[in-house]
Amino acid sequence: MKRRVAVIGAGPGGLACALLLAGKGVDVTVYEKQTQVGGRTSAVKLGEYTFDRGPTFLNMPHILENVFHEAGLRLEDYLDLKALDPMYTLYFKGGTEQFTMTTDRDRMKETIERHFPGNGEGYDRFMAEQALKLGKLMPILQTRHDRLTDYLSPRVLTALPRLSLGRSLYDVLSDYFTSEELKYAFTFQAKYLGMSAWECPGGFSILSYMEHAYGVHHPIGGMHQVPLAMQRALEELGGTVQLGTGIKQLILNGKVVEGVILESGQHELFDEVIVGADFAHAMNHLVPEGVLKKWSRPKIDRKKFSCSTFMLFLGLNRTFDAPHHTIYFAEDYEKNVREMTQTLELSDDFSFYVQNPSVLDPTLAPEGKSAMYVL
Ligand SMILES: Cc1cc2nc3c(=O)[nH]c(=O)nc-3n(C[C@H](O)[C@H](O)[C@H](O)COP(=O)(O)OP(=O)(O)OC[C@H]3O[C@@H](n4cnc5c(N)ncnc54)[C@H](O)[C@@H]3O)c2cc1C
């Protein structure tokens, strides 16, 4: 008989697990409490306009290609991905200094030299050294680490010297660039993790490297097309996605999970259950209190959450000749980041991000209009 697996949550994480399992012949059911797939990667539809709720770009399409490939499918049959060149435009000093980022290494180095003479060499060194760092890190990121001894494997030990342990992301970038703007251009990615570049571990310098090495990609229709593509592929392989079906609790036999209790009260038994919901939510709500002492409610409540965002979804009755992705840095960026992550104040001088996908993608707004996203 086929193994039966339940996945809680139809975000990209849960759907990727489901697709990989379905490709191996497992009988998979995905339970999603919302009425659409995608989670944070879902869509907001307002009248004739469509917006991505959270994510606005895909960085390493080969990882998504691998998920489809492992399931015996081709990503290009499900998704129309466009690589962006330039990747994004950065504005500094109240919008008076503009800087365009590209994956074309010659053009990027030439731009760096023009704006920040003497820093081109640092860019070459950054790209070469981060390639080695990612090469060491990637196999670790793609290996399970569920026992303490996994952290002592030769793979982890040989990677240690490259992980910039004990240094912040900002410190690491200071090894390559003398200009503050350039350091910001290669460290603002810490905000993807809700972190400050001055606190974020230096190992995360791979984030900006990944953008410069693999580019920034836009799926036509928006990022929420990624989970929709996964849902379609999963259903073709015989998997099931039950929308509007929340899970109330896990069914436990001691510490072994044997199934799920739906919000309706119905019990469903499975061989395995994968939780794709937020960890803190799952531990506080899906696991009965007292079962997992390591993740008790008080312990989770003591954890610090990353910061949330203020978003504008603007349906506009005209088009704009503005870049696809633009980031405006506060004049005093360090102060702005400190206010967001340490003193928790609303900044007078804040940074913001604008996405104008209608320059490339006609599906998000009617002709002559545009859908703009501001964060
Ligand atoms: C503003 C913003 C911008 C971002 N920008 C980018 C970007 O540009 N590029 C990028 O790659 N990433 C970006 N991200 C991150 C990306 O959105 C997430 O990494 C990704 O969506 C996580 O996927 P997930 O499946 O782990 O979780 P989620 O997307 O959070 O999905 C979890 C799902 O579980 C469901 N669920 C929870 N509890 C239950 C329950 N009890 N029963 C049933 N269902 C349940 C939820 O409804 C949800 O659908 C951004 C995030 C935000 C918020």
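Values below: all heavy atoms of this structure, side chains included; hydrogens, waters and symmetry mates excluded. Every number for a ligand or one of its atoms is a count from 1 in the order of the listing.
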What residue and atom, counting heavy atoms only, is the protein's closest point to [atom], and at what distance?
| atom | value |
| --- | --- |
| atom 37 (C) of ligand 1 | Ala277 CB, 3.4 Å |
| atom 46 (C) of ligand 1 | Glu32 OE2, 3.6 Å |
| atom 8 (O) of ligand 1 | Thr56 N, 3.0 Å |
| atom 42 (N) of ligand 1 | Ile247 N, 2.9 Å |

Side chain, backbone, both or neither: which applies to [X] and ligand 1 if a contact is any heavy-atom pair less than 4.0 Å apart?
| X | result |
| --- | --- |
| Leu375 | side chain |
| Leu15 | neither |
| His281 | side chain |
| Tyr31 | backbone |

Where the side chain of [X] meets the backbone of [Y], is there a donor-acceptor pair that is under 3.5 Å apart?
| X | Y | value |
| --- | --- | --- |
| Glu113 | Gly120 | yes |
| Asp271 | Val5 | no |
| Asp171 | Gly202 | no |

Do the ring planes of [X] and [Y] sit parallel (below 30°), tilted (30 to 60°) or perpendicular (above 60°)?
| X | Y | result |
| --- | --- | --- |
| Tyr328 | Tyr91 | parallel |
| Phe99 | His115 | perpendicular |
| His325 | Phe57 | perpendicular |
| Phe177 | Phe186 | tilted |

Heavy-atom distance to atom 21 (O) of ligand 1: which of Asn59, Leu193, Leu64, Thr41 wins?
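The option holding the nearest heavy atom is Thr41.
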
Checklist entry - Given Gly54, Gly14, Gly11, Pro55, which one has a non-hydrogen atom that is nearest to atom 17 (O) of ligand 1? => result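 It is Pro55 that holds the nearest heavy atom.
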
Heteroatom proximity flag, [X] to ligand 1, N/O under 3.5 Å:
| X | answer |
| --- | --- |
| Leu286 | no |
| Arg53 | no |
| Gly13 | yes |
| Pro12 | yes |
| Met311 | no |
| Lys33 | yes |
| Arg40 | yes |
| Tyr373 | no |

Can you name the atoms of ligand 1, numbered from 1 with element, that are less than 4.0 Å from a heavy atom of [X]?
| X | result |
| --- | --- |
| Gly276 | 32 (C) |
| Gly9 | 33 (C), 34 (O), 35 (C), 44 (N) |
| Gly39 | 29 (O), 31 (O), 48 (C), 49 (O) |

**Study point:** Six-ring centre of Phe320, Arg318 cation under 6.0 angstrom, axis tolerance 45°
**Key:**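 Yes, Arg318 sits over the ring of Phe320.
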
* Asked: Measuring from the heavy atoms of Ala282, does anything fall under 4.0 Å of ligand 1?
  ->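 Heavy atoms of Ala282 never come under 4.0 Å of ligand 1.
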
Go through the steps to decide whether Lys335 and Glu339 satisfy the test salt bridge (Lys or Arg N to Asp or Glu O under 4.0 Å), and finish with yes or no. CA-CA 6 Å; Lys335 177 167 177 269; Glu339 287 168 343; 3.3 Å; yes

* **Electrostatic pair Glu272:Arg3 at N-O distance under 4.0 angstrom** =>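 Looking at Arg3 together with Glu272, the answer is yes, because their closest N to O distance falls below 4.0 Å.
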
CE on Met283 to CG on Asp301, rounded to 0.5 Å
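Rounded to the nearest 0.5 Å, the CG-CE separation comes out at 13.5 Å.
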
Report the distance from atom CD of Gln342 to atom CD of Glu199, rounding to the nearest 0.5 Å.
->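 Taking CD in Gln342 and CD in Glu199, the distance rounds to 4.5 Å.
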
Check your understanding: Any protein heavy atom lying closer than 4.0 Å to atom 25 (O) of ligand 1?
Key ->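 Within 4.0 Å of atom 25 (O) of ligand 1, protein heavy atoms are found.
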
Has Leu344 got more than 12 heavy atoms of other residues, nucleotides or ligands less than 6.0 Å from its CG?
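More than 12 heavy atoms, drawn from other residues, nucleotides or ligands, come within 6.0 Å of this atom.
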
Are the aromatic rings of Tyr88 and Tyr353 close, with centres under 6.0 Å apart?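 Distance test on ring centres: not under 6.0 Å, no.
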
